[in-house]
Amino acid sequence: MVGTNGSLGSLAALHEAATQARARDAELVAVLAWQPPGGGSGSRASCGPSVLADCREAAAALLRETLEAFGGCRPGVTPAGRLVRGTPGVALVDAVHDPGDLLVVGTGSRGLLLRVLRPSVARHCLAHAPCPVLAVPPSPLQTDLEHLNRLAGGGWRGLLPGPRPAFPPRSRGRSLPQGSGRGADDDE
């Protein structure tokens, strides 16, 4: 069993889970947890059926894309996909039925703000899963790519899967008004 969300960290976990499944001659199940806007049960009143259907379809499309991309690079292991409505940590722990299973999760790189705002899926699984949990650290290449992204002011954002920022990245320099006499596109 492996948790996925389309991020680079979850893809690393998917690759490790495939290696473990091949070694154990076990089935590989990739679980993607999804929630409607606003979270769990409180969102029922605020979201209509069409919003819920759209959210579920978007999650199903992400799971399909992830498994299709993975299938092309790891012959010999065909993961089954499972879509679960709920928070990722709880969904993964609930999906494990046998103490002999292995749950594989990516740890991801988490800054202070993210640790405060969103609980760690890996920590939840390590604390509550009824089976062994393998926490896969982020690839050093992922760290390098995220560092390049910060240096480029978000210009590499298109290379990173996962959520996109709601606001465009801030400019690193001052913007000068047109015709100020200091830029290449001055009015003459």
Side-chain angles (χ1 to χ4, degrees), residues 1-18 20-21 26-74 77-98 101-110 113-131 133-136 138 142 146 154 157-168:
M1 183 91 42
V2 61
T4 188
N5 63 4
S7 69
L8 291 175
S10 75
L11 292 176
L14 189 55
H15 280 272
E16 182 59 34
Q20 294 293 327
E27 179 184 14
L28 176 58
V29 178
V31 176
L32 188 138
W34 68 279
Q35 287 186 300
S41 61
S43 66
R44 289 188 192 127
S46 62
C47 292
S50 65
V51 172
L52 292 175
D54 290 346
C55 290
R56 187 181 196 303
E57 183 52 41
L62 177 61
L63 182 59
R64 274 192 308 274
E65 290 170 9
T66 302
L67 294 179
E68 286 170 5
F70 175 78
C73 62
R74 285 298 262 222
V77 176
T78 306
R82 187 181 302 169
L83 200 58
V84 179
R85 181 176 172 182
T87 59
V90 173
L92 288 170
V93 169
D94 289 347
V96 177
H97 300 293
D98 185 3
D101 286 343
L102 175 67
L103 178 57
V104 182
V105 293
T107 58
S109 55
R110 298 169 53 86
L113 182 61
L114 194 55
R115 284 194 303 259
V116 170
L117 294 176
R118 195 170 42 175
S120 169
V121 173
R123 284 182 188 228
H124 181 85
C125 293
L126 286 164
H128 301 288
C131 66
V133 177
L134 177 59
V136 179
Q142 178 182 348
E146 289 170 348
R157 178 63 65 187
L159 297 176
L160 296 174
R164 303 288 185 254
F167 300 100

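Throughout, numbering of the chain's residues begins at 1 and tracks the sequence. Note that these values count all heavy atoms, side chains included, but never hydrogens, waters or copies made by symmetry.
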Worksheet item: Do the non-hydrogen side-chain atoms of Val96 and Pro130 ever get within less than 4.5 Å of each other?
Response: yes
Worksheet item: Applying side chain to side chain donor-acceptor pair (under 3.5 Å), which residue pairs with at least one partner in residues 51-65 are found, sequence neighbours left out?
Response: Glu57-Arg64
Worksheet item: Quick one: does Leu32's side chain get under 4.5 Å of Thr66's, heavy atoms only?
Response: no
Practice prompt. Given side-chain contact (heavy atoms from CB on, under 4.5 Å), test Thr87 with His124 step by step and report yes or no.
Written response: CA-CA 11 Å; Thr87 59; His124 181 85; over 6 Å; no
Worksheet entry | Closest non-hydrogen atom pair, Cys131 against Asp101 | CB-O, 3.2 Å
Fill in: Residues which pass side-chain contact (heavy atoms from CB on, under 4.5 Å) with Ser10, listed by chain and number, not counting sequence neighbours
Thr4, Asn5, Ser7
Worksheet, complete the sentence: Between Arg82 and Leu63 the two heavy atoms that sit nearest each other are N-CD2, 3.7 Å
Response to the item:
Taken to the nearest 0.5 Å, the spacing of Leu92 CG from His128 NE2 works out to 12.5 Å
Worksheet, complete the sentence: What one should report as the nearest heavy-atom pair of Pro88 and Val121 is CB-CG2, 3.6 Å
Worksheet item: Closest heavy-atom contact between Ala122 and Gly106?
Response: CB-O, 4.1 Å
Item to complete: Compare every heavy atom of Leu67 with every heavy atom of Ala80, then report the nearest pair and how far apart it is.
Response: C-CD1, 4.3 Å
Discussion item. Quick check: closest heavy atoms across Gly86 and Gln35, and the distance to 0.1 Å?
Written reply: O-CG, 3.4 Å
Worksheet entry | Pairing residues for Ala91 by the side-chain contact (heavy atoms from CB on, under 4.5 Å) criterion, not counting sequence neighbours | Ala33, Val84
Worksheet, complete the sentence: With sequence neighbours left out, the residues meeting side-chain contact (heavy atoms from CB on, under 4.5 Å) with Gln20 are Glu16, Arg24, Leu102, Leu134
